[in-house]
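To keep things clear, I will list the structure first and then write my remarks on it.
Any value given below was found using the heavy atoms of this structure, including those in side chains, with hydrogens, waters and symmetry copies removed.
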Amino acid sequence: MKEVKLFLGPQHPGMHGNSSIHMYVDGDIIKRSYLLPGMLHRGFEKSMERRTWMNNIALIPRICVPEPDPNEMVFALNAEALASVEVPERAHWIRMLVLELARLSAHLMAFGGIGGPTGLYTAMYWAQADRDSILTLFEEITGQRVYHMYITIGGVRKDLPKGIEKKILAFVDDLESRLPDYENLVLNNPSVQARTKDQIMLPAEVVWELGVTGIGMRSSTGKAYDLRKVTPYARYDKVEFDVPTATYSDAHTRLTLKYLEMYQIIRIIRQILDLMPAGKVREKALDGSALRWQVPAGQVYSAVEASRGEYGYYTVSTGGTMPYRVAVRGASFPQATLGIEKYLPGHRIDDAALWFDTMGICSPEIDR
Amino acid sequence: MAIRQEDFKKLIAYSSVANGGYILIGLAMGDALSVGGALMHILAHAFASAAAFLAAAAVVHRTGTTKMSELGGLIHRMPLTYLVYLIAIISMAGIPPMAGFISKWMMFQSMINNGMIFTAAAAFFGSIGSFLYVFRPLSAVFLGQLSTKHENVKEAPVLMMIPMMLLSLITLFFGVVPNIALGVINRVQTSLGLPGLALEGTKIMGSNGVLDPTLITIIFGVGFVVALILFILHPKSRKVGLMDTYTASEFIWTPELLHYAHDFYAPFERLYNKAPRTESFYRIIERKIEELGRLAGHAFFSYKPGTVVFWIAMVTVSLLWGGALWS
Amino acid sequence: MVINQLPLQILTGLAILAFAFFWQTSLSGITRKIVARYHKRYGPKWYQEFRDIFKLMSKTGVTHGWVYDFGVMMALGGIMATVMFMPLMKFTAFPGFDNFFIYVYLFAVGMLGMAMSAVGSGNPLAGIGVMRALTQMVGYEVPFMIVVLAIINGHGTSSLSQLAAIQQQAGVLSWNLVKMPIGTVAAFICLLGMLGKKPFETFIAPAEIASGPMVEYGGKQLGMLMILHQFSIFIEVSLFMNLFLGGAANPLGFALKYMAVYVLASLISQAMGRFKIDQVIKFFYKIPIALAILQAVMVVYLGWGV
């Protein structure tokens with residue numbers, strides 16, 4: 001038999017999340033591979049149809065584990081569009097703050113997470129230590145570390161606690177002063193460069209074929225397609241930031257873009273804390289009990305820029321107390337399903353885990 | 001080249017080429033230890049290679065194929081053949097307590113003594129590289145998953161087993177007490193006019209160190225006994241089937257898909273893919289010899305009666321009057 | 001070998017074995033704490049490795065057949081035999097017989113045993129891991145042996161305790177580290193390869209081949225493999241110490257030199273990722289081998305550094 005069947009399976013030290021890749025390997029080159037998803041299928045889209053509109057806010061952060069806030073944001077945007085709810089000014093800014101902090105924590109985890117497949121565990125530990133500080137900030141703001149349930153229909157659940165601005169600024173200053181260390185450890189490290197430079201390419205044709213968004217698209221086509229600039233939501237048009245791009249997409253470039261975006265996130269956070277107005281944070285979207293609130297009929301699609309790409313919900317309402325249908329567009333769905341079948345073969349088994357990591361695949365949002 | 005073979009008889013054949021190279025180095029250096037080492041290596045290599053080829057023949061006899069990617073897991077059906085092969089490769093790789101170690105040690109001693117850096121580098125590379133190619137048939141043919149085609153393979157027949165085991169025992173014996181063989185080699189060397197080897201009891205005196213193979217074997221035995229005690233004292237393990245192995249909690253049912261044998265050393269081979277091949281050189285020589293043979297065939301063995309009569313006449317003339325014609 | 005001295009020598013050897021085990025395992029735990037500070041965390045207690053080995057040995061494991069068990073025992077037996085030959089401060093169990101090549105080849109018995117039992121478990125990932133380990137061995141052994149060739153040629157003896165004694169005669173300045181610095185650097189890089197530390201951790205590679213050879217081990221076989229790992233670290237670091245740092249005459253010197261080598265190797269490895277296996281070979285056949293050959297030429301033809 002010329003081929004061996006190997007599994008980058010669910011129970012594997014190199015797997016992110018919980019999916020299974022079946023690989024047919026000849027020597028050490030992968031000849032054929034396919035993804036076997038479904039191990040993280042928790043039935044969210046159906047569950048959303050069985051819960052009232054307000055109830056769903058508590059359910060949906062769990063769709064994407066490393067970065068739960070875009071879920072709440074797009075759901076709230078959809079419901080507010082259907083029910084014509086005006087969100088107060090301060091709530092927009094707080095939403096932006098929470099989204100950017102979540103984005104920063106996801107970028108840190110992905111950037112340090114390159115330590116798993118390449119063996120540079122130091123980066124992983126440092127990044128997780130910083131992410132831990134962000135989670136502590138989240139605990140102060142929202143009461144929870146990972147799944148916040150903070151952005152709701154009509155605004156945010158409650159106002160920021162006193163003194164949080166100073167803490168956030170202190171953290172951000174500290175992180176920014178240490179980011180050059182990260183660059184030295186990961187991006188300028190010859191062994192990591194040997195693994196990632198000129199490997200795991202993402203050509204522009206593949207981007208257009210699969211529909212890759214986020215860093216994958218920006219690093220390969222050179223287009224600064226960031227939803228925060230193209231269709232700004234929540235006052236992103238009032239803050240200044242750059243969107244780093246590149247035209248040659250190997251794994252090293254994608255890592256560099258992640259790193260550069262961290263600087264931009266810190267810049268946005270500083271501007272938010274400067275420009276945030278005072279005021280109330282939540283508009284009452286309904287009279288009476290939330291258990292009997294009916295949202296007018298209609299269909300709407302909203303998307304935000306998550307750390308991995310365009311993340312959107314398509315909501316259909318028939319005027320009931322529960323949504324009729326919510327479809328989730330996971331940001332890394334195309335790369336994981338068709339990408340693995342068509343573009344992973346030809347790589348070596350050493351690169352399979354690295355491919356999975358640098359394409360930004362997040363298993364929970366594929367299976368939902 | 002042995003590393004890239006898919007057919008294990010060819011692999012063992014190429015290993016003989018490598019060993020021949022060692023013998024040549026040993027004889028060429030000319031001092032006592034190296035010639036002794038080379039002669040010992042001839043002995044050790046003869047036994048080990050013969051045993052390896054016999055083991056290969058036993059496998060072919062029972063399964064009918066020499067391609068390593070189709071075999072696998074034969075240890076569960078032919079354990080004695082496996083043991084013979086194991087002892088043979090331990091000797092070929094030059095690992096104590098087998099005979100191959102003694103000869104390699106002696107040759108390395110004189111290489112170091114004479115300060116021949118580049119020869120030594122090549123010899124080290126060959127020695128370590130030999131681990132690679134001897135391990136491959138072991139892992140691809142005997143270990144790994146047993147294919148369903150070979151479920152009913154039996155052990156090699158008794159008449160094949162007896163010579164194999166004999167060769168293994170001899171290899172082991174000369175590894176533990178080599179001085180018997182070295183005594184004979186000593187006499188050969190002194191009769192050729194070279195200085196003799198310094199032997200004392202069970203020790204061999206090298207130019208910069210002393211080797212005592214019996215001691216090494218005894219200590220290895222002590223180590224093994226300690227490990228065995230450690231093993232037995234602790235809870236007994238549960239036996240599971242061969243397919244019941246880590247597959248990242250996925251399911252697989254074909255043993256052939258779980259056996260890693262084809263293109264075993266793929267990364268290593270990719271490194272020297274672009275270099276010119278010795279195989280093509282051999283093939284050119286092969287073709288030239290074939291042409292020569294064909295030429296001879298045309299000249300001497302043709303169907304034309306005239307040519308045949310001509311040659312018969314020539315041969316008769318030279319037999320009867322060749323002596324007179326020559327002088 | 002004198003027959004009536006043999007039992008005493010074996011007992012000395014077993015004592016060296018016990019000391020090596022306790023020393024190296026404790027040092028492993030202490031090094032884990034040092035490395036953890038590098039990672040911005042605290043690290044486990046210093047006796048964590050003992051706990052791991054004890055827990056593993058007392059668990060009921062799984063076995064795949066006789067070659068799986070036999071290979072582990074053969075490997076551990078070979079490595080234990082190598083440790084018994086190692087000179088330790090003033091104690092040598094078998095004086096005069098601690099030849100350098102014995103270490104290299106008895107070590108190879110250990111590797112062969114482990115390779116046999118790993119592949120005998122029937123898992124292809126173990127086969128891939130063993131393939132990588134053997135390929136890596138081709139990389140690091142050749143430069144190391146060339147440097148040692150230079151040393152043996154220069155000093156005229158391949159006995160480890162004699163080499164250590166020669167270096168101790170004139171103090172620090174007669175260490176091979178000082179007299180043959182280029183060779184020491186090449187040998188240190190090869191030491192990183194031998195210890196299996198990053199960037200040469202290719203044959204374990206948890207994220208790629210799920211720990212390679214160790215994928216199918218558990219229970220007492222894994223415990224024995226951990227003991228084997230501790231012993232092999234002891235052999236390699238002691239070898240480096242005796243060849244280049246002048247051995248050790250007293251416990252304090254031994255402790256300091258050993259810790260210096262091992263902790264330095266661990267810290268360097270934490271700042272690097274993992275190479276792919278062909279990058280490992282390409283690396284070893286560029287710089288370390290050039291340095292090793294340079295050093296050998298210097299010693300053999302020019303007579304420097306002796």
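Annotation for Met84(C) and Gly223(B): closest pair CE-N, 4.2 Å, computed over non-hydrogen atoms. Scanning all heavy atoms of the two residues, the minimum distance from Phe124(B) to Ile146(C) falls at CE1-N, 4.1 Å. When all heavy atoms of Ala227(B) and Gly77(C) are compared, the closest pair comes out as CB-N, 4.0 Å. Nearest heavy atoms, Tyr82(B) versus Met116(C): OH-CG, 2.9 Å. The minimum heavy-atom distance linking Gly120(C) with Leu143(B) is given by the pair CA-CD2, 3.9 Å.
For the options Met74(C), Met57(C), Lys282(C), Met80(C), heavy-atom pairs under 4.5 Å to chain B are most numerous at Met57(C). Counting heavy-atom pairs closer than 4.5 Å to chain B, the top residue among Val72(C), Leu14(C), Val142(C), Ile289(C) is Val142(C). With chain B as the partner, the residue from Gly113(C), Ala115(C), Gly65(C), Gly223(C) showing the most heavy-atom pairs under 4.5 Å is Ala115(C). When the candidates Ser58(C), Gly13(C), Gly219(C) are compared by the number of heavy-atom contacts under 4.5 Å with chain B, Ser58(C) comes out ahead. Chain B forms the most heavy-atom pairs under 4.5 Å with one residue out of Thr63(C), Leu134(C), Ile128(C), Asn123(C), and that residue is Thr63(C). When each of Val83(C), Ile102(C), Leu125(C) is checked for heavy-atom pairs under 4.5 Å with chain B, Ile102(C) comes out on top.
For Tyr285(C), the part sitting under 4.5 Å from any heavy atom of chain B is the side chain, from C-beta outward, and nothing else. Proximity to chain B is absent for every atom of Lys276(C), based on heavy atoms less than 4.5 angstrom apart. At a 4.5 Å heavy-atom cutoff, Met111(C) makes no contact with chain B through either its backbone or its side chain. The contact between Thr135(C) and chain B is made by backbone and side chain atoms together, counting heavy-atom distances below 4.5 Å. Looking at Lys236(B), only its backbone comes within 4.5 Å of chain C, counting heavy atoms on both sides. Neither the backbone nor the side chain of Val148(C) comes within less than 4.5 Å of any heavy atom in chain B. When heavy atoms are compared at a cutoff of 4.5 Å, Leu138(B) approaches chain C solely by way of its side chain, counted from C-beta outward. Only the side chain of Phe85(C) comes within contact range of chain B, with at least one heavy atom under 4.5 Å from a heavy atom of that chain. In this structure, chain C has a heavy atom under 4.5 Å from the backbone of Ala93(B), while its side chain stays farther away. Of the two parts of Phe101(B), only the side chain, counted from C-beta on, holds a non-hydrogen atom closer than 4.5 Å to a non-hydrogen atom of chain C. Proximity to chain C is absent for every atom of Leu233(B), based on heavy atoms less than 4.5 angstrom apart. For Ile227(C), the part sitting under 4.5 Å from any heavy atom of chain B is the side chain, from C-beta outward, and nothing else. For Phe142(B), no part lies under 4.5 angstrom from a heavy atom of chain C.
Within the 4.5 Å cutoff, the side chain of Lys239(B) has no heavy atoms near those of the Tyr68(C) side chain. No side-chain heavy atom of Leu112(C) sits under 4.5 Å from any side-chain heavy atom of Phe131(B). With a 4.5 Å cut-off on side-chain heavy atoms, Phe70(C) and Phe231(B) do not count as touching. Put simply, the side chain of His76(B) does not reach to within 4.5 Å of the side chain of Trp66(C), judged on heavy atoms.
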